[in-house]
Amino acid sequence: MTASPMIVVDDLAVHFGEGRDSVRAVDGVSFQVHEGESYGLVGESGSGKSTVLRVLCGLQQQWQGRVTLAGAPLPKRPRRDFFLRVQMVFQDPYGSLHPRFTIDATLSEPLAIHGIGERRERVHRALEAVGLDPAFRFRFPHQLSGGQRQRVAIARALILEPRVLLLDEPTSALDVSVQAEILNLLARLRREHGLTYLLVSHDLAVVAHLCSRIAVMQGGQLVEQLSVEDLRRGSAATDYTRDLIAASSGEIIAQPAQST
Amino acid sequence: MAALLNVDNLQVAFRGPRGEVPAVRGVSFSLGREKLGIVGESGSGKSTIGRAILRLLPDSARVTADRLTFEGQDLLGLSPRALRNLRGRHITMVMQDPRYSLNPVLPVGDQIAETLRVHGAGGRGRELYRKVLDILEAVQIRDPERVYRAYPHELSGGMGQRAMIAMMLIADPRLLIADEPTSALDVTVRRQILSILDDLVSRRGMGLILISHDLNLVAGFCDRVLILYAGRVVEEIEARNLHACRHPYSRGLLASLPRLEQPVGELATLQRDPAWLDGPVYRFGEEVSR
Ligand SMILES: Nc1ncnc2c1ncn2[C@@H]1O[C@H](COP(=O)(O)OP(=O)(O)OP(=O)(O)O)[C@@H](O)[C@H]1O
Ligand SMILES: Nc1ncnc2c1ncn2[C@@H]1O[C@H](COP(=O)(O)OP(=O)(O)OP(=O)(O)O)[C@@H](O)[C@H]1O
Ligand SMILES: [Mg+2]
Ligand SMILES: [Mg+2]
C-alpha cells in the first residue's frame, strides 16, 4: 500500500448507559481507510456501525481509543472546522432534515455557517448533482417522497465539498433506479475528486459495487475484513459472514439463469 | 373467496400553490389472504396508496375511488369513530420511518406494553413485562431488557424498525400494510422478520401489502406484484415471474440492480419515456391497453 491513510481507527470503544443498561456499542474496533479508497462496513443490526460513523464526524463525543483523520488526531472536543472535510449522510432521511426548513434553507445553512459564498450557484449544482429539479428548492421535507428527501440529504453533504463522506445506508430509502444513479454519482465524485468513502449498508451487492475492502461487524466488534473479490467469491473466515453472503446470493433476480 | 380489500380506480391528488398535483392515478387491485408487493420508483405513489386505504392523508389530499372497501365496508364513507376502530385493530400500517411513529419520550417497552393493554392482551405487572420481552425476542432483539427501557433515539435504525414490527404483531390485524418494513435490517434478521410475516399470512389468514424498493425481496417473498409508475400500475405480475416482466419500466428497474456475482463498471439507469405515463400496461405477461 502506497496511499496514505485518510482514516485511522485504533481500538475504538463507545459505551452507552450505566449499570444494567450499559452497552458496549463499539468494543475495540480498528481499521484504516486510505485516501481515495471506498471502505464498506456491514453487519448485524445494532452492531455499532452508525456509532463508528458518528464518532468520525464528531456527533458522538464520548469514546475511547485513537482516531486520526487526514493525519490529524481527532480531539475529544473538536472545533467545528475540524469536520469541514468530513460529511455524513444519515441512515434516516426523515430525521436528518429540519421539518420547517425549505430545501433551499437546508442546503444554504452549512454554507452560511462556514461563511462560504456563491450560495445560489452551489445549491443549484448540488441539486443537479443528485438529480433534483431546482424547483425543489422551495419545498419542505414533508412535500417530498422518501427518496427525494434522501437525495436532498446527499446534496447537503456534498455542498461543502468534503474529502471524506461517511455514508450510512445512503440508498436504502431509494428505489433501485435512483440507487443506481446515486451509486454512479458517488463513484464519479470519488474518481474526480479523490474522495474517501466509509459506507455502511445491509446490501452486499451495493457494498461490493462501491467498495474495495469490507469490514464485518457483530456485537460491537469487527469480526473480519475481506476484499471485494473474496466477498463476491463467498470466501469468508467467519460463519456469520458466510451466512450474510449466502443470504444475499440466494436472491432470485440476482441469478436469472437459475430461476425458472 | 371474497376479497379482503377492493380498490377500484383510486385517485389521489395533492392541492398545492399551483393547482392539484396527481399522486395516484386510477389504481385498481384486490387483495385476498395473500402477500401483495407494491414496487416502483421513489415518488410513484406507493406510500400514498397505503395512507389512502387507512385514510391517513392530510386535508390537502383529494381522494376518490369507484370502490374502496375492506371486507365489504366502504372506507371512504366511514365515520371518524368507525375509522379509529378499524385502524390499528383490523388494518395496521408499519410506516416507512419507524422513529416518526414511535413516541420519542416514552421507553420502547412501555409503548409495547401500552399496545398490549389496548388490545386486551396485557395482563399486569411481571406477566405484562415478560410478554413484552417475549415480543422483543421474537423480532430478534439481542438484549430485550435493555431495549425495554431504552428511548427510541437510543436504538439503532434496525432496532427501531423491529420495535415497530413488534407493535404491529400485537394488534393481530386482518390487513397489514408494511411500508419498507425491513429496509434497515441485515439479511439474516430480515429473513426472520419475513418468516414471522409469512406465518401471519399462511396461518392466520392475514392480508399483506408489502411496499418495497427491494425487487429481490419482493420476488422471493410475495405472491403477486404491482409495479407503479407515476401513480399508475403499469404492470401486474406473479412475483415468481418478476424476472420476466415486460414493461420497459419494469425491465429498466431490474437492469439497474447491482449484482453480487457480476460486477459492472457503471450501473444502468432508467431512460424514462413519456409514453409510460398513459401507454399500455401489462397484466401477467399480456399487454392490455390501459
Ligand atoms: N444514544 C444512545 N444511547 C444508548 N444506546 C445507544 C445510543 N445510540 C446507540 N446505542 C446502542 O448502541 C448499539 C449500536 O447502535 P448503532 O446505531 O451503532 O447500530 P448499527 O450497527 O448502526 O445498527 P443498524 O444496522 O440497525 O442501524 C445499539 O445497541 C444501540 O441500542
Ligand atoms: N403531503 C403531501 N403534499 C404534497 N405532495 C405530496 C405529499 N405527500 C406526498 N406527495 C407527493 O406525492 C407523490 C407520491 O409520494 P409517495 O410518498 O406516495 O411516494 P412513494 O412511492 O412512497 O416514494 P418513496 O419510495 O420515495 O417513499 C410524490 O411526488 C410526493 O412528492
Ligand atoms: Mg445504523
Ligand atoms: Mg414511500
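Scope of the values below: all heavy atoms of this structure, side chains included, with no hydrogens, waters or symmetry mates. Each chain gets a letter, A, B and so on, in the order its sequence line appears, and its residues count up from 1.
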Visitor: Say whether, by atom type as modelled, one donor and one acceptor occur between the side chain of Asn184(A) and the main chain of Glu266(B) under 3.5 angstrom.
Guide: no

Visitor: Are the side chain of Asp186(B) and the backbone of His202(A) linked by a donor-acceptor contact shorter than 3.5 Å?
Guide: no

Visitor: Once you round to the nearest 0.5 Å, how far does OG of Ser156(B) lie from CG of Asp168(A)?
Guide: 10.0 Å

Visitor: So what's closer than 4.5 Å to chain B heavy atoms on Leu183(A): side chain, backbone, both or neither?
Guide: side chain

Visitor: After noting the C-alpha distance and the side-chain angles of Glu181(A) and Ser256(B), does the key distance pass the side-chain contact (heavy atoms from CB on, under 4.5 Å) rule?
Guide: CA-CA 9 Å; Glu181(A) 285 167 23; Ser256(B) 59; over 6 Å; no

Visitor: Based on non-hydrogen pairs under 4.5 Å, which of Leu270(B), Leu185(B), Val189(B) is most in contact with chain A?
Guide: Leu185(B)

Visitor: For the residue pair Ser45(A) / Arg190(B), report whether a side-chain donor-acceptor contact shorter than 3.5 Å exists.
Guide: no

Visitor: Going from CZ on Arg146(B) to CZ on Arg20(A), what distance comes out if it is rounded to the nearest 0.5 angstrom?
Guide: 12.5 Å

Visitor: Atom CD of Glu41(B) and atom CD of Gln148(A): how far apart are they, to the nearest 0.5 Å?
Guide: 9.5 Å

Visitor: With rounding to the nearest 0.5 angstrom, report the NE2 to CG distance, His213(B) to Asp175(A).
Guide: 5.5 Å

Visitor: Would the number of heavy atoms belonging to other residues, nucleotides or ligands and lying under 6.0 Å from CD of Glu192(A) be above 12?
Guide: yes

Visitor: Step by step, would you call Arg191(B) with Asp243(A) a side-chain contact (heavy atoms from CB on, under 4.5 Å)?
Guide: CA-CA 11 Å; Arg191(B) 208 161 40 195; Asp243(A) 196 26; 3.5 Å; yes

Visitor: Got more than 12 heavy atoms from elsewhere within 6.0 Å of CZ, Arg15(B)?
Guide: yes

Visitor: Determine yes or no for a side-chain-to-main-chain donor-acceptor pair under 3.5 angstrom, with Arg232(A) supplying the side chain and Leu260(B) the backbone.
Guide: yes

Visitor: Using side-chain heavy atoms (C-beta onward) and a distance below 4.5 Å, is Glu44(A) in contact with Arg142(B)?
Guide: yes

Visitor: CG/Leu257(B) to NE2/His209(A) distance, rounded to the nearest 0.5 angstrom?
Guide: 11.5 Å

Visitor: Tell me the closest heavy-atom pair linking Ser177(A) and Leu253(B), and the distance in Å.
Guide: CB-CD2, 4.0 Å

Visitor: For Ala187(A), is it the side chain, the backbone, both or neither that has a heavy atom under 4.5 Å from a heavy atom of chain B?
Guide: neither

Visitor: Nearest 0.5 Å, please: how far is CD1 in Ile182(A) from CG in Leu267(B)?
Guide: 12.0 Å

